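Below: one structure, written as structure tokens.
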Amino acid sequence: MPELPEVETVRDGLARHVLGRTVVDVDVRRDYSVRRHEAGPLDFAARLTGRRLEAAVRRGKFLWLLLDEGAGRGDDALLAHLGMSGQLLVRGAHVVDARASGVTEGAVPSGPVGWVEHPHLRVRLVLDDGSALDFVDQRTFGHLSVPDLVTTPDGAPGGWGAARDVVPLPVAHIARDLLDPALDRRAVVAAMRARRTEVKRALLDQTLVSGVGNIYADEALWRARLHGTRPTAALRATDAERLLDAATEVMTEALEQGGTSFDALYVDVNGASGYFDRSLAVYGQDGRPCRRCGTLVRRDAFANRSSYTCPRCQPRPRPRRA
């Protein structure tokens with residue numbers, strides 16, 4: 001699942017390549033990819049056609065493009081959730097590297113010279129400069145929609161890249177993320193310690209703090225020398241602050257390298273993969289020596305996924321006596 005650094009890499013690419021452009025045509029190739037747009041694919045296309053893309057905004061793992069306002073137009077946005085394998089790829093007048101963008105060999109070019117027709121293209125937005133924005137999704141867990149906007153409760157901008165104090169309605173319950181300057185860290189620490197759960201589960205709770213997924217949670221816990229099963233109620237404020245600092249640090253470093261990429265499904269708008277997977281300390285490193293102490297990294301089952309820890313650097317909390 002793409003996490004904050006991967007989604008921010010895509011948002012930054014959209015901000016540089018499509019803002020100011022107007023949508024002149026919408027081609028929905030697979031209705032299921034706009035399933036969250038309750039009025040259906042025809043309304044989805046109608047609400048986008050003729051609209052100018054004003055701003056690229058992200059909160060946690062959610063990404064949206066604000067649309068221009070005007071007579072007869074709603075206050076809304078194009079909302080994208082990438083799911084497991086979703087990609088937003090900008091198609092211009094340049095040749096697209098089929099291998100970098102995950103396209104199979106022998107794919108047939110379509111559209112302007114240099115475009116490659118992706119076998120998992122689900123939605124295409126044709127823009128007024130002749131380029132296009134493609135939503136590609138192999139596993140089809142991702143989705144696009146055009147929801148209405150609502151005002152943020154704290155009056156601060158909706159997310160990274162925003163100037164307006166609005167968010168799409170389906171994102172209203174999602175907490176601010178660790179890179180958001182409007183995040184109240186003291187409130188997050190207090191809320192985390194008030195939960196009756198384990199610290200890793202709290203860190204993954206998108207209503208507490210957003211954008212952290214399984215990969216960066218394990219990396220942050222390793223940096224903070226905390227085991228993910230530690231009860232949040234027993235967490236000292238300094239421990240919680242150290243964990244949030246570690247999560248911020250690891251995601252910032254990942255962002256600088258374009259995010260984590262284990263296969264061709266994790267790419268930016270130009271189809272380029274990130275490289276932070278080469279810097280991972282514990283995630284996916286089971287059986288290898290911890291780079292800090294040399295103890296072999298351990299893998300444990302966690303909510304249909306896996307948790308990776310160093311048994312020495314991150315000792316499992318002792319069970320409380322009855």
Side-chain angles (χ1 to χ4, degrees), residues 1-8 58-62 81 152-160 167 170-255 260 276 280-283 292 298 300-321:
M1 181 77 73
E3 302 182 28
L4 185 156
E6 291 76 43
V7 180
E8 174 56 26
R58 179 197 52 73
R59 177 181 286 204
K61 304 175 188 179
F62 283 87
H81 192 280
T152 56
D154 58 9
W160 193 266
V167 295
V171 184
H173 70 290
I174 299 296
R176 294 189 179 277
D177 61 65
L178 290 169
L179 301 188
D180 191 328
L183 177 71
D184 186 341
R185 283 178 172 258
R186 293 178 63 182
V188 173
V189 168
M192 179 179 288
R193 298 178 67 214
R195 298 289 171 98
R196 294 297 180 266
T197 186
E198 297 174 351
V199 64
K200 181 174 179 179
R201 294 181 185 277
L203 195 58
L204 294 173
D205 184 348
Q206 303 299 296
T207 64
L208 180 66
V209 62
S210 66
V212 183
N214 202 42
I215 297 174
Y216 298 116
D218 281 356
E219 292 296 302
L221 287 162
W222 178 80
R223 293 191 183 200
R225 296 176 179 263
L226 293 172
H227 197 281
T229 60
R230 178 177 292 197
T232 50
L235 202 63
R236 296 175 299 180
T238 54
D239 293 331
E241 291 166 0
R242 189 171 76 255
L243 177 59
L244 295 182
D245 288 344
T248 303
E249 181 182 74
V250 72
M251 288 194 294
T252 300
E253 291 176 11
L255 182 57
T260 302
F276 191 70
L280 295 174
V282 287
Y283 186 86
R292 189 162 50 205
R298 174 188 172 98
D300 293 290
F302 173 79
N304 296 320
R305 291 174 286 179
S306 298
S307 281
Y308 298 90
T309 58
C310 170
R312 183 174 182 181
C313 295
Q314 302 166 267
R316 184 181 292 272
R318 296 176 181 176
R320 290 188 172 185
R321 295 180 181 179

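What you see is a predicted model, and the numbers here were worked out from it, not measured in a lab. We're numbering straight along the sequence, starting at 1.
Residues T229 and P317 share a closest heavy-atom pair of OG1-CD, 3.3 Å. Taking each heavy atom of S210 and A175 in turn, the nearest pair found is OG-O, 2.6 Å. Between G159 and R176, the shortest heavy-atom distance links the atoms N-NH1, 4.4 Å. Pairing each heavy atom of A246 with each of R223, the nearest pair is CB-CB, 3.9 Å.
Looking only at distances, a side-chain donor or acceptor of R59 sits under 3.5 Å from a matching main-chain atom of G158. Within the 3.5 Å criterion, the main-chain N or O of E3 finds a donor-acceptor partner in the side chain of E6. Under a 3.5 Å cut-off, the side chain of R242 and the backbone N or O of A224 do form a donor-acceptor pair. Listed for the R58 side chain is no donor-acceptor partner under 3.5 Å among the backbone atoms of V7.
With sequence neighbours excluded, the residues that form a side-chain contact (heavy atoms from CB on, under 4.5 Å) with R185 are L178, L183, L244, D245, T248. Considering only residues two or more places apart in sequence or on other chains, A187 meets the side-chain contact (heavy atoms from CB on, under 4.5 Å) condition with D184. Contacts of A281 classified as side-chain contact (heavy atoms from CB on, under 4.5 Å), with partners at least two apart in sequence or in another chain: E219, W222, R291. Not counting sequence neighbours, Q314 has no partner by the side chain to side chain donor-acceptor pair (under 3.5 Å) test. Under the side chain to side chain donor-acceptor pair (under 3.5 Å) criterion, R186 pairs with no residue at all, not counting sequence neighbours.
Atom-to-atom distance recorded for R193:CZ and L235:CG is 7.0 Å, nearest 0.5 angstrom. With rounding to the nearest 0.5 angstrom, the CG atom of D177 is 4.5 Å from the CG atom of L4. Taking CD1 of I174 as the reference point, atom CZ of F62 lies at 4.5 Å (rounded to 0.5 Å).
Counting heavy atoms from C-beta on, the side chains of D300 and R316 come closer than 4.5 Å. Looking only at side-chain heavy atoms (C-beta outward), Q206 and K61 come within less than 4.5 Å of each other.
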Trace of the side chain to side chain contact (heavy atoms under 4.5 Å, CB included) decision for V282 with T309: CA-CA 6 Å; V282 287; T309 58; over 6 Å; no
What pairs of donor and acceptor atoms, side-chain ones from residues 195-204 against any protein atom, are under 3.5 angstrom apart with sequence neighbours left out?
| residue | atom | partner | partner atom | Å |
| --- | --- | --- | --- | --- |
| R195 | NH1 | D205 | OD2 | 2.5 |
| R196 | NH1 | A194 | O | 3.1 |
| K200 | NZ | N214 | OD1 | 2.7 |
| K200 | NZ | D218 | OD1 | 2.7 |
| K200 | NZ | S307 | OG | 2.6 |

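Within a 6.0 Å sphere centred on CZ of R312, heavy atoms belonging to other residues, nucleotides or ligands number 12 at most.
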